[in-house]
Amino acid sequence: PATNCHHQQKWRVRLPPCFTPKNDLLGAGRCRLSKVGAARRPPPARVRVAVRLRPFVDGTAGENDTPCVRGLDSCSLEIANWRNHQETLKYQFDAFYGERSSQQDIYAGSVQPILRHLLEGQNASVLAYGPTGAGKTHTMLGSPEQPGVIPRALMDLLQLTREEGAEGRPWALSVTMSYLEIYQEKVLDLLEPSSGDLVIREDCRGNILIPGLTQKAITSFADFERHFLPASRNRTVGATRLNQRSSRSHAVLLVKVDQRERLAPFRQREGKLYLIDLAGSEDNRRTGNKGLRLKESGAINTSLFVLGKVVDALNQGLPRVPYRDSKLTRLLQDSLGGSAHSILIANIAPERRFYLDTVSALNFAARSKEVINRPFTNESLQLPVLAPVKLSQKELLGPSEAKRARGPEEEETGSPELPIAPASASQKLSPLQKLSSMDPAMLERLLSLDRLLGSQGSQGTPLLSTPKRERMVLMKTVEEKDLEIERLKMKQKELEAKVLAQEAADPKEKENYSSTMLRPLARRTVTVAKPLKKAVVMPLQLTVHCRGPNSKLCCFCHSPPSLDASQPEKAEDGWELQISPELLAHGRQKILDLLNEGSARDLRSLQRIGQKKAQLIVGWRELHGPFSQVEDLERVEGMSGKQMESFLKANILGLAAGQGCGPS
């Protein structure tokens, strides 16, 4: 029925692999085949998962406290079923390390085998996952007495690079390190804490990189400790109820191995190792987080939730994988579903109070085991610098140009040049000529083909796998073409020498010969158009008169711009306002009366006076008495001289217009 199929689809992710229905197993198999079956893709490499069970913490184990997890063998374990206490859930992984396992067992069994991939130019990553207090940081860092994965891996990797990069070996190796943390969705450089939040980018090849991240070159383990130990103290830690030194951020140690070939063709390889200590998921009811700790816990749980969504999307074959939803998943894009050999170490606790966290971590590890990566070798070819081909002056010039370049003495002698012998077999065209103008990809293929043929002892011009008979015919055709070209060149030079000899012997024939030759076409005379004359239309001088009482006049005059180049133009050519002195005095008096006797409503009838300015004028008048002149308004309004002049002109014209002035 449809309902049963719905329930199977719903519980497929939450149940361990051993309880997955058959239909889901078939669907997962089909999805996996679709990923692997693509042509020209790197071979798949599944994410390997190891589970480590830490022992009871001192003081937490009671007399009747029994562990909720029990190991069955080196690859499987069982845990109590919380739905039915009489049943257990069984999980199977690539490796299981019990309470008595040491740091060396975990490193030698799961981490050490992937270090050789770095020398092949491939990427690798080690992730420590689990709830808070499960021992992730102890697994990755350890202690001076029991070093963890990071110091052991660096010690072995530096030893490998010293052996492979010794004198006499074909490769020269160098190692650099970077150390960062993701704290509240901010990427912080632990080697340079003052650099601030960094951005995560992706190059044209799909490689994840962080511009501005500090890189330190290391040649020995002492160099590594000198950089790593101070940077580890910069990592954000805090105390909770479950852990006194709880990691409040995800820490990522990036170790890059660069290889350069000492001999031709000078290949380059780059391998990256990610050593990641994830912060643990937290239940705030048990950790007692408040304030800043609560905010940190929310950021950690959100990033781990997105990590689970990425794993589910990869297992289900969804078209979109939400790598960009979190800085952590964006940085782990190579490790999950990318191009790295990945190892996930899931840390769990045996106490029953951590039962739900343990089940959640085991389910995540079981889903991560189905993720498929496709590692490949990051190799590039450094193109050799070819010396430029130097040609002589005669080779650069054609036959006619070479004849002109010869001196008059050589022209008088007219002795033909000696014929050039045909090129020998060793001087024939080589398939590696003109490499500077060739496509780099094609050049790389030609160089690899030349090396292959050279290693097989081929001589002369390599013609791939052409049969002997066809090869002989082809070589004979090439020789005939070369001889024909040389014969044509010699014939052309003989003709040129014959013409020169005839010109020197009979000048009249030279004139006749020159007259019979085709003459070049006469050049067409092009007349240059004369510049057009510009017509300047002068604007009319307009005058608008305003008549007020007692024949007081004001006028607007428009003055045309000056055409004299010696006189500079005015800054403003246009209308000018001219007011008669009588109208100006009458208007000033009327404005002064309005300022001393008018109300706020009357003052608002003036130009550029609003409600607030009118109230301000009335208040100033009550405080200081009447205005003695209109210019006193500058102290109230804070006007400049130009603003006061513009204010007077505008209001005088307004008062004149209100009394019936108009254009005449």
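FYI, the numbering just counts along the sequence from 1.
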**Asked** Using 4.0 Å as the upper bound for N to carboxylate O, is an ion pair formed by D223 and K216?
**Response** no
**Message:** Check whether D334 reaches the backbone of G338 with its side chain - one donor and one acceptor, N or O, closer than 3.5 Å.
**Reply:** no
**Asked** Will you find, in the side chains of T139 and N347, an N or O donor that is under 3.5 Å from an N or O acceptor?
**Response** yes
**Asked** Looking at residues at least two apart in the chain, or sitting in another chain, which of them share a side chain to side chain contact (heavy atoms under 4.5 Å, CB included) with L331?
**Response** L180, I182, I200, I208, I210, V252
**Check: T236 main-chain N/O paired with E181 side-chain donor or acceptor under 3.5 Å** = yes
**Message:** Checking the side chain of Q104 only, and the main-chain atoms of Q146 only, is there a donor and an acceptor separated by less than 3.5 Å?
**Reply:** no
**Item:** Partners meeting ring pair (Phe, Tyr, Trp, His ring centres under 6.0 Å) with H250 (sequence neighbours left out)
**Value:** none
**Fill in**
Taken in chain and number order and not counting sequence neighbours, the residues that satisfy ring pair (Phe, Tyr, Trp, His ring centres under 6.0 Å) with F376 are none
**Message:** Under 4.0 Å between a side-chain nitrogen and a carboxylate oxygen: does that hold for D94 and K369?
**Reply:** no
**Item:** Taking every non-hydrogen atom, the tightest pair across M177 and F224
**Value:** SD-CD1, 3.7 Å
**Prompt:** For Y129, what residues pass the ring pair (Phe, Tyr, Trp, His ring centres under 6.0 Å) criterion, not counting sequence neighbours?
**Reply:** F364
**Prompt:** Looking at R269 and E261, does any basic side-chain N land under 4.0 Å from a carboxylate oxygen?
**Reply:** no
**Item:** R324 atom CZ: more than 12 heavy-atom contacts under 6.0 Å
**Value:** no
**Prompt:** Which atoms form the tightest heavy-atom contact between F228 and L141, and what is the distance?
**Reply:** CZ-CD2, 3.5 Å
**Asked** Would you find a donor on one side and an acceptor on the other, under 3.5 Å apart, between the side chain of R152 and the backbone of Y107?
**Response** no
**Asked** What residues, two or more places apart in sequence or in another chain, satisfy side-chain hydrogen bond (donor to acceptor under 3.5 Å, both in side chains) together with S74?
**Response** none
**Message:** For Y97, give me all partners under ring pair (Phe, Tyr, Trp, His ring centres under 6.0 Å), at least two apart in sequence or on another chain.
**Reply:** none
**Residue that, paired with L77, satisfies side chain to side chain contact (heavy atoms under 4.5 Å, CB included) out of L89, L72, V69** = V69
**Message:** Regarding D325 and R320, does a basic nitrogen lie under 4.0 Å from an acidic carboxylate oxygen?
**Reply:** yes
